[in-house]
Amino acid sequence: MIEATGLSKVYGTRTAVDDLSFRVRPGLITGFLGPNGAGKSTTMRLVLGLDRPTSGTATVNGRRYHELDHPLREVGALLDVRSAHPGRSARSHLRILAASNGIPFRRVDEVLGRTGLEDVADKRVKTFSLGMSQRFGLATALLGDPHTLLLDEPLNGLDVTGIHWVRNLLRTLADEGRTVLVSSHLMVEVEGTADRLVVIGRGRLIADTETRRFIDGAQENRVRVETPHADALTTVLEMAGGNVERRSPDVLVVTRLKRSEVGELAAQNALSLHGLGDESGSLEEAFMKITGASVEYDGKAY
Ligand SMILES: Nc1ncnc2c1ncn2[C@@H]1O[C@H](COP(=O)(O)OP(=O)(O)OP(=O)(O)O)[C@@H](O)[C@H]1O
């Protein structure tokens, strides 16, 4: 469990993290989202003891990072992979880390295997592609077999196969009962991967909830209707108080009426339907709507 309580970080006049409280639970994948500059990296750095909070606390399993007996064996982190480019081979880098943290050498081969790096284990890390560097970063995070993982943008630079592989790895790690916090800008991937979300904007908490609930809570119920009588049905639905959007010649998207009401109105007016269902929103739409007011720079020229 990762827990932030009243966590704040001020740099000069800039408040990067502002009275943030949330919990990241074990056994689940939690997505960490926020617009650029929202304070995600700062929060992760505070949890990892790489920066000191101005006020409040960040703990892992009830203790601050500095209070952990064997930090690498309790918390694994993937931060900016491009900043970690040892001139040594992947294997020797991991062996040095293992030796200095009381981790048995057999873990080195285990994590190289688990991250698919066996074939390049003796190549120098600075020659790695971004995708291989991500795998190497994950191998480093997993080295101490930690119960808690904080991964900042682990999908960056990966191709479709790599993304699929990381998603499966995260699911396995969560199923093993670990606490997994993952930041990403790839909304489609987060939507398909994260069980819960912690969403922040301008350093403040916007949501700490289940992914589905976040998406559903952001938008009105929408009903998608397919009919060869789109004009006539539009008139009927609008007269009943519905708001109708024409998606294509025979597809309508209706708000302010329930699916059952749309079906009944069509039947009462003898208008045949070829399809009727609720249209669920996407995480991207929900994120844009909910964080819209908290975007620091919205691209407009001032
Ligand atoms: N060392 C620092 N000194 C001064 N300001 C900082 C420092 N680190 C972060 N900030 C500021 O704090 C705010 C939050 O930054 P942070 O990098 O945590 O956001 P983020 O959500 O990770 O952004 P991104 O999605 O762009 O990576 C930003 O306004 C940033 O400029």
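The first residue in the sequence is number 1, and the count goes up from there. None of the values given here were measured: they were computed from a predicted structure.
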side-chain hydrogen bond (donor to acceptor under 3.5 Å, both in side chains) contacts in which one or both residues fall within residues 47-60, not counting sequence neighbours: Tyr11-Asp51
Aromatic ring pairing Phe22/Phe32, orientation class (parallel under 30°, perpendicular over 60°, tilted between): tilted
Arg25 versus Thr179, closest heavy-atom pair with distance: O-CG2, 3.9 Å
Connected-component partners of Val251 among ILVMFWY, side-chain separation under 4.5 Å: none
Check: Asp250 side chain, Pro228 main-chain N or O, donor-acceptor pair, under 3.5 Å: no
pair Leu170-Val182: side-chain heavy atoms closer than 4.5 Å: yes
Qualifying residues under salt bridge (charged side-chain N to carboxylate O under 4.0 Å, His left out), relative to Glu110, sequence neighbours excluded: Arg106, Arg107
Over all atoms of both residues, closest heavy-atom pair of Ala286 and Ile215: CB-CA, 3.8 Å
Which atom of Ala194 lies closest to which atom of Gly31, heavy atoms considered: CB-N, 3.6 Å
Short side-chain to backbone donor-acceptor contact, Ser100 and Leu97, under 3.5 Å: yes
Sequence-distant partners of Asp216, salt bridge (charged side-chain N to carboxylate O under 4.0 Å, His left out), two or more places apart: Arg212
Side-chain donor or acceptor of Lys9 paired with backbone N/O of Pro53 under 3.5 Å: no
Partner set under side-chain hydrogen bond (donor to acceptor under 3.5 Å, both in side chains) for Arg224, not counting sequence neighbours: none
All salt bridge (charged side-chain N to carboxylate O under 4.0 Å, His left out) counterparts of Glu285, not counting sequence neighbours: Arg222
Arg202 to Asp18 - nearest heavy-atom pair and separation: O-CB, 4.3 Å
Side-chain donor or acceptor of Thr127 paired with backbone N/O of Lys123 under 3.5 Å: no
Pairing residues for His147 by the ring pair (Phe, Tyr, Trp, His ring centres under 6.0 Å) criterion, not counting sequence neighbours: none
SB check Asp278 Lys258 (cutoff 4.0 Å): no
Polar contact flag, side-chain donor to acceptor under 3.5 angstrom, Ser272-His229: yes
Arg63 with Asp69: basic N within carboxylate O range, under 4.0 Å: yes
Under 3.5 Å: donor-acceptor pair, side chain of Gln134, backbone of Asn156: yes
same_hphob_cluster(Ile290, Met288) at 4.5 Å side-chain heavy-atom cutoff: yes
Asn221: side-chain hydrogen bond (donor to acceptor under 3.5 Å, both in side chains) partners, not counting sequence neighbours: none
Residues Glu226 and Arg247 bridged, charged N to O under 4.0 Å: no
Arg91/Asp109 salt bridge by N-O under 4.0 Å criterion: yes
From Thr140 atom OG1 to Leu72 atom CG, the distance as rounded to the nearest 0.5 Å: 9.0 Å
Nonpolar side-chain network containing Val262, other nodes, edges under 4.5 Å: Val223, Val225, Leu233, Val236, Leu237, Val244, Leu252, Val254, Leu257, Leu265, Leu271, Leu273, Leu276
Contacts of Asp152 that satisfy salt bridge (charged side-chain N to carboxylate O under 4.0 Å, His left out) - sequence neighbours left out: none
Side-chain heavy atoms of Leu151 within contact of Leu138, under 4.5 Å: yes
Sub-4.5 Å side-chain heavy-atom contact between Thr43 and Ile200: yes
Same apolar cluster: Leu112 and Ile96, side chain cutoff 4.5 Å: no
NE2-CG distance between His164 and Leu158, expressed to the nearest 0.5 angstrom: 13.0 Å
Same cluster (ILVMFWY, side-chain, under 4.5 Å), Leu28 and Leu173: no
Shared-cluster residues of Val188, by chain and number - hydrophobic side chains joined below 4.5 Å: none
Student check: side-chain heavy atoms of Arg135 and Trp165 closer than 4.5 Å: yes
Side-chain heavy atoms of Leu149 within contact of Leu142, under 4.5 Å: yes
Donor-acceptor under 3.5 Å (Arg167 side chain, Gly192 main chain): yes
Residues in side-chain hydrogen bond (donor to acceptor under 3.5 Å, both in side chains) contact with Arg178, at least two apart in sequence or another chain: Asp145, Glu176
Crowding at CZ, Arg73 (>12 non-hydrogen neighbours, <6.0 Å): yes
Pairwise distance CG(Leu117) to OG1(Thr115) - rounded to 0.5 angstrom: 4.0 Å
